Amino acid sequence: MSANDKSNTPTTAASGSAPASNFIRHIIEQDLQSGKHNGRVQTRFPPEPNGYLHIGHAKSICLNFGVAQSHHGQCNLRFDDTNPAKESQEFINSIKADIEWLGFHWDGEVRFASSYFDALHGFAVQLINSGKAYVCSLSPDEAREYRGTLTSPGKDSPFRERSIEENLDLFARMRGGEFPDGAHSLRAKIDMAAPNINLRDPVLYRIRHVEHHQTGNKWPIYPMYDYAHCISDAMECITHSLCTLEFEDHRPLYEWILQSLDIETLHAASDSTAPAAEYVLPRQIEFARLNINYTVMSKRKLKELVTEGYVSGWDDPRMPTISGLRRRGYTAESIRNFCERAGVARSAGVVEVAMLEHSIREDLDAAAPRAMCVLRPLKVTLTNYPEDKTETLVLPSHPKSEEMGTREIPFAKELYIDASDFEQIPPPKYKRLSPGVEVRLRGGYVIRCDEVVKDASGTVVELLCSYDPETLGVNPQGRKVAGVIHWVPAKQALDVEVRIYDRLFNKENPDDKNIADYKECLNPESLVILQGCKVEPSLADAAPESSFQFEREGYFCIDRFDSNAERIVFNRTVTLRDSWAKMSS
RNA sequence: UGGGGUGUCGCCAAGUUGGUAAGGCACAAGGUUUUGAUCCUUGCAUGCGUUGGUUCGAGUCCAGCCACCCCAGCCA
């Protein structure tokens, strides 16, 4: 697959073989063997539309869709939209776009927890009727006091023993919009002394007079996550409900709710077309969320970076969001490979960014055409090259892939090389240009620096060099030329803007407790904009989002939004590995 | 001091029923190279948080201890 081919099709794991084994796949295989779900595997990816997806979500997406795919099962996309105050259609749109870009296809129509609101309401009435839920009229503050603490039990709400009739009446009036926000709540009647706080009569429904992006003003009450999620799973006949570790403590509640409901009713409300006897409740399985060093992954913080203007938006190329990585030049394939490599387990760890960078280098090395771009131009005049002559050099687009064709680069008397490829006093082992030393111009001739031109301040402004006309495509006789540097023709090179991106944070763990505010360690050099960079003319018509390897520099892509015919903008995706930088530092 | 989890190489992570520690990243050293890139080769845990125990034999079983993570939203 080409880096410039945006038709993403998930194919294989990083190694090109089957997905690595993990504990979730083991569980599923066991369930398949025991016939628990009649050979069916149904998962779901359940984002709340309150922000953009980040690479941590990509892990979950790859897991949920991947696991379904390898067992000929299906994966639903379900928006967990039970808190309209924080959600929006913009986020719904971006989430769908990101999943598709990643190359995954959800089963059937997009689902919404909000489309189950009627059923959810009905189940709540059922719980009231069976004495398993009650309307509590404690204020939120009072409820907190009654809940107790981590080490001491809570105490029963004074409203806990209301009659079923009264509960039914109150709940109906809650739904009718008769009460203000927070006046009452519907709670599960479980155990106020439970050591697991989630079981201390958790709230099932709260009153919120807010418009919902999907259901408008139909509801003044909204279900809580714990209540809506498990029932939604059951209604969609999810077999394995995968979520992150922080929901571990919620699993008993997940199970309590489903087991408290009448299974016949549940079955009838579900997608199931199978006989009731085959209807099996979903099982929640938790895995560790993805963390990467030198970045933050919480939606709250990402949102803060956006709204407070530390970055240009959710899709800023420095953001660990799917859309940010995409704009940075990461391919869907590289993100999928990264997730596969990082693995799925139950121990919470932090993956090194180096692994992410490896994944994109691996993909782009194979797929990106090569080009030359001089980031910090230094003029070179070839004193012995004819004034009016221009040659056309033909270079392969890729050193190992002939199918990728060739490109033409004009060669003339005046060129640009990168300022960092010249040193007046070369350090040891330096293989680039310096006074009296020869170097190979990539794809062109060997040149020697004869004279250094400086301005009044002593800054090197031009190099006068001579070229060896016998060295085009052949090595000179009797001497060894150590270095090869990239260059562009002065006259024909295109002026471009290059955005040099680096890590957003300069501390490995911005969330470290010794750091008061993660914004303290924002890297002031995470974006350096270079103007007047010179790229070879063959890139004049390159398409937005296409990626190139600028030889000896790194991988760069054309910004999908800011680049146009008048102003070509490249984003640096990642540098090349650089053993010289390691050596010289 | 309550409950739930996790601890295998610098990082991630495999380790079926106990039988003698996969792989990837990173790193290091060589080789190839008109990208100090790629690629290739080689190296990289006598030890699996720790202490004991069971066993012919334990990362895998048992007990104790230690460390770290999550939970007291009418957020998800």
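To find a chain, count down the sequence lines: A is the first, B the second, and so on, and within it residues start at 1. Just so it is clear, the model here is predicted, and its values are computed rather than measured. The figures here come from the full heavy-atom set of this structure, side chains too, leaving out hydrogens, waters and symmetry mates.
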- [ ] Considering only atom C1', compute the distance from B:U55 to B:A63 and round it to an integer number of Å.
- [x] 16 Å
TODO: Report the base-pairing partner of B:C68 (Watson-Crick or G-U wobble, both distances below 3.5 angstrom), or none.
DONE: B:G5
Open item on the list: Strictly below 4.0 Å: does A:His486 bring a side-chain N or O up to OP1 or OP2 of B:U35?
Closed with: no
- [ ] Give A:Lys582 one of three labels, base, sugar-phosphate or nothing, depending on what nucleic acid heavy atoms sit under 4.0 Å from its own.
- [x] sugar-phosphate
Open item on the list: Taking syn as a glycosidic torsion within 90° of 0 and anything else as anti, which one is B:G57?
Closed with: anti
Open item on the list: Considering every strand and a 4.0 Å limit on heavy-atom distances, what is the contact class for A:Arg208: base, sugar-phosphate, or nothing?
Closed with: base
TODO: Have a look at A:Arg552 and say if it touches a base, only the backbone sugar-phosphate, or nothing, with a 4.0 Å heavy-atom cut-off.
DONE: base
Open item on the list: Using a heavy-atom cut-off of 4.0 Å across all strands, would you classify A:Gly443 as base, sugar-phosphate, or nothing?
Closed with: base
TODO: Indicate whether the side chain of A:Arg25 and that of A:Ser70 have a donor and an acceptor atom separated by less than 3.5 Å.
DONE: yes
Task: Nearest-angstrom distance from the residue atom CZ of A:Arg442 to C1' of B:A37 - done: 10 Å
- [ ] Among the candidates B:A26, B:G3, B:A72, find the nucleotide nearest to the side-chain atoms of A:Pro195.
- [x] B:G3
TODO: Provide the Watson-Crick or G-U wobble partner of B:C75, both distances under 3.5 Å; none if there is no partner.
DONE: none
Task: Closest nucleotide among B:C11, B:C75, B:C69 to the A:Lys513 side chain - done: B:C69
TODO: Looking only at side-chain atoms of A:Arg346, point me to the closest of B:C74, B:G5, B:U35.
DONE: B:G5
TODO: Could you tell me whether the phosphate oxygens of B:C12, OP1 or OP2, come under 4.0 Å of any side-chain nitrogen or oxygen in A:Ser347?
DONE: no
Open item on the list: Could you check whether A:Asp201 pairs with A:Arg147 (Lys NZ or Arg NE/NH1/NH2 to Asp/Glu carboxylate O, under 4.0 Å)?
Closed with: no
- [ ] State whether A:His26 places a side-chain N or O below 4.0 Å from either non-bridging phosphate oxygen (OP1 or OP2) of B:G15.
- [x] yes
TODO: Show the numbers, then the answer: is there a side chain to side chain donor-acceptor pair (under 3.5 Å) between A:Glu236 and A:Asn76?
DONE: CA-CA 8 Å; A:Glu236 293 178 14; A:Asn76 291 347; 2.8 Å; yes
Open item on the list: I need the CZ-C1' distance between A:Phe23 and B:U16, as an integer number of Å.
Closed with: 17 Å
Open item on the list: What is the separation between atom CG on A:Asp81 and atom C1' on B:A76, rounded to the nearest whole Å?
Closed with: 12 Å
TODO: Assign A:Val350 to base, sugar-phosphate, or nothing according to its heavy-atom contacts below 4.0 angstrom with the strands shown.
DONE: sugar-phosphate
Task: Any A:Ile221 side-chain heavy atom under 4.5 Å of A:Phe171 side chain - done: yes
TODO: Using both distances under 3.5 Å as the test, list the Watson-Crick or G-U wobble partner of B:U17, or none.
DONE: none
Open item on the list: Against A:His213, only a single residue in A:Glu90, A:Glu87, A:Gln89 fulfils side chain to side chain donor-acceptor pair (under 3.5 Å); can you say which?
Closed with: A:Glu87
Task: N/O (side chain, A:Arg200) to phosphate O (OP1/OP2, B:G73) under 4.0 Å - done: no
Task: Pairwise C1' distance for B:C69 and B:U60, with rounding to whole Å - done: 24 Å
- [ ] Give the ring-plane orientation class for A:His184 versus A:Phe179, where under 30° counts as parallel, over 60° as perpendicular and anything between as tilted.
- [x] perpendicular
Open item on the list: Please determine whether a side-chain nitrogen or oxygen atom of A:Arg300 lies at a distance below 4.0 Å from atom OP1 or OP2 of B:A76.
Closed with: no
- [ ] Report yes if the distance between the aromatic ring centroids of A:Phe505 and A:Tyr294 is under 6.0 Å, otherwise no.
- [x] no
TODO: Nearest whole angstrom, please: distance from the P of B:U6 to the CD1 of A:Ile285.
DONE: 14 Å
Open item on the list: Under 4.0 Å, heavy atoms only, any strand: does A:Phe247 hit a base, just the sugar-phosphate, or nothing?
Closed with: base
TODO: Using the six-membered ring wherever Trp is involved, compare the ring planes of A:Phe247 and A:His250 and label them parallel, tilted or perpendicular (cut-offs 30° and 60°).
DONE: perpendicular
Open item on the list: Within the 4.0 Å heavy-atom criterion, would you say A:Val344 contacts the bases, only the backbone, or no part of the nucleic acid?
Closed with: sugar-phosphate
Task: Rounded distance in Å between the C1' positions of B:G43 and B:G2 - done: 50 Å
Open item on the list: Counting only Watson-Crick pairs (N1-N3 plus N6-O4 or O6-N4) and G-U wobbles (N1-O2, O6-N3), all under 3.5 Å, who is the partner of B:G43?
Closed with: B:C27
Open item on the list: Pairing check on B:C61: which nucleotide meets the Watson-Crick or G-U wobble criteria with it, both distances under 3.5 Å?
Closed with: B:G53
- [ ] Classify the side chain of A:Glu352 and the base of B:G10 as holding, or not holding, a donor-acceptor pair under 3.5 Å.
- [x] yes
- [ ] Please work out if A:Lys400 contacts a base, only the sugar-phosphate, or nothing of the nucleic acid, heavy-atom cut-off 4.0 Å.
- [x] base
TODO: Assign A:Leu138 to base, sugar-phosphate, or nothing according to its heavy-atom contacts below 4.0 angstrom with the strands shown.
DONE: base
- [ ] Check whether any side-chain N or O of A:Thr82 sits under 4.0 Å from OP1 or OP2 of B:A76, and answer yes or no.
- [x] yes
TODO: In whole angstrom, give the distance that lies between atom CG of A:Asn291 and atom P of B:A13.
DONE: 10 Å
Open item on the list: For A:His398 and A:Met355, find the nucleotide of RNA chain B closest to each by heavy atoms; which residue's nucleotide sits nearer the 5' end?
Closed with: A:Met355
Open item on the list: Need one value for A:Arg440: base, sugar-phosphate or nothing, where a base atom within 4.0 Å counts as base even if backbone is also close, heavy atoms only.
Closed with: base
Open item on the list: Considering every strand and a 4.0 Å limit on heavy-atom distances, what is the contact class for A:Leu150: base, sugar-phosphate, or nothing?
Closed with: base
Task: Atom pair distance, as rounded to whole Å: CG in A:Leu245 and P in B:C69 - done: 13 Å
- [ ] May I ask you to say what A:Gly473 touches in the nucleic acid, namely base, sugar-phosphate or nothing, with a heavy-atom cut-off under 4.0 Å?
- [x] base
- [ ] Give a yes/no verdict on base stacking between B:A76 and A:Tyr225: centres under 5.5 Å, planes within less than 30° of parallel.
- [x] no
TODO: Could you please name the option among B:C74, B:U35, B:C70 that lies closest to any side-chain atom of A:Asp249?
DONE: B:C70
Open item on the list: Rounding to an integer number of Å, can you tell me how far A:Arg251 CZ sits from B:C71 P?
Closed with: 16 Å
TODO: State whether A:Tyr222 and A:Arg208 meet the cation-pi test: NZ (Lys) or CZ (Arg) under 6.0 Å from the six-membered ring centroid, and within 45° of the perpendicular axis.
DONE: no
Open item on the list: Is there, by distance only and without an angle test, a donor paired with an acceptor across the side chain of A:Gln549 and the base of B:U35 below 3.5 Å?
Closed with: yes
Open item on the list: I need the CG-P distance between A:Leu204 and B:A76, as an integer number of Å.
Closed with: 12 Å
Open item on the list: By nearest atom, which of the nucleotides B:A72, B:C75, B:G10 is closest to the A:Thr149 side chain?
Closed with: B:A72
Open item on the list: Base, sugar-phosphate or nothing for A:Ser579? Non-hydrogen atoms, less than 4.0 Å.
Closed with: sugar-phosphate
Task: The single option from A:Gln284, A:Arg78, A:Arg283 passing side chain to side chain donor-acceptor pair (under 3.5 Å) against A:Asp233 - done: A:Arg78
TODO: Indicate, with a heavy-atom threshold strictly under 4.0 Å, whether A:Pro399 touches base, sugar-phosphate, or nothing.
DONE: base
TODO: Determine: side-chain N/O of A:Arg577 to OP1/OP2 of B:U38, distance under 4.0 Å, yes or no.
DONE: yes
Task: Per A:Arg206 side chain, nearest of listed nucleotides B:G4, B:G3, B:C75 - done: B:C75
Open item on the list: Judged by each residue's nearest nucleotide on RNA chain B, which is more toward the 5′ side, A:Asn198 or A:Ala342?
Closed with: A:Ala342
Open item on the list: Check the phosphate of B:G73 against A:Arg144, side-chain N and O only, distance under 4.0 Å to OP1 or OP2. Yes or no?
Closed with: yes
Open item on the list: If you only use heavy atoms from C-beta on, which nucleotide in B:G3, B:G5, B:A26 is closest to the side chain of A:His358?
Closed with: B:A26
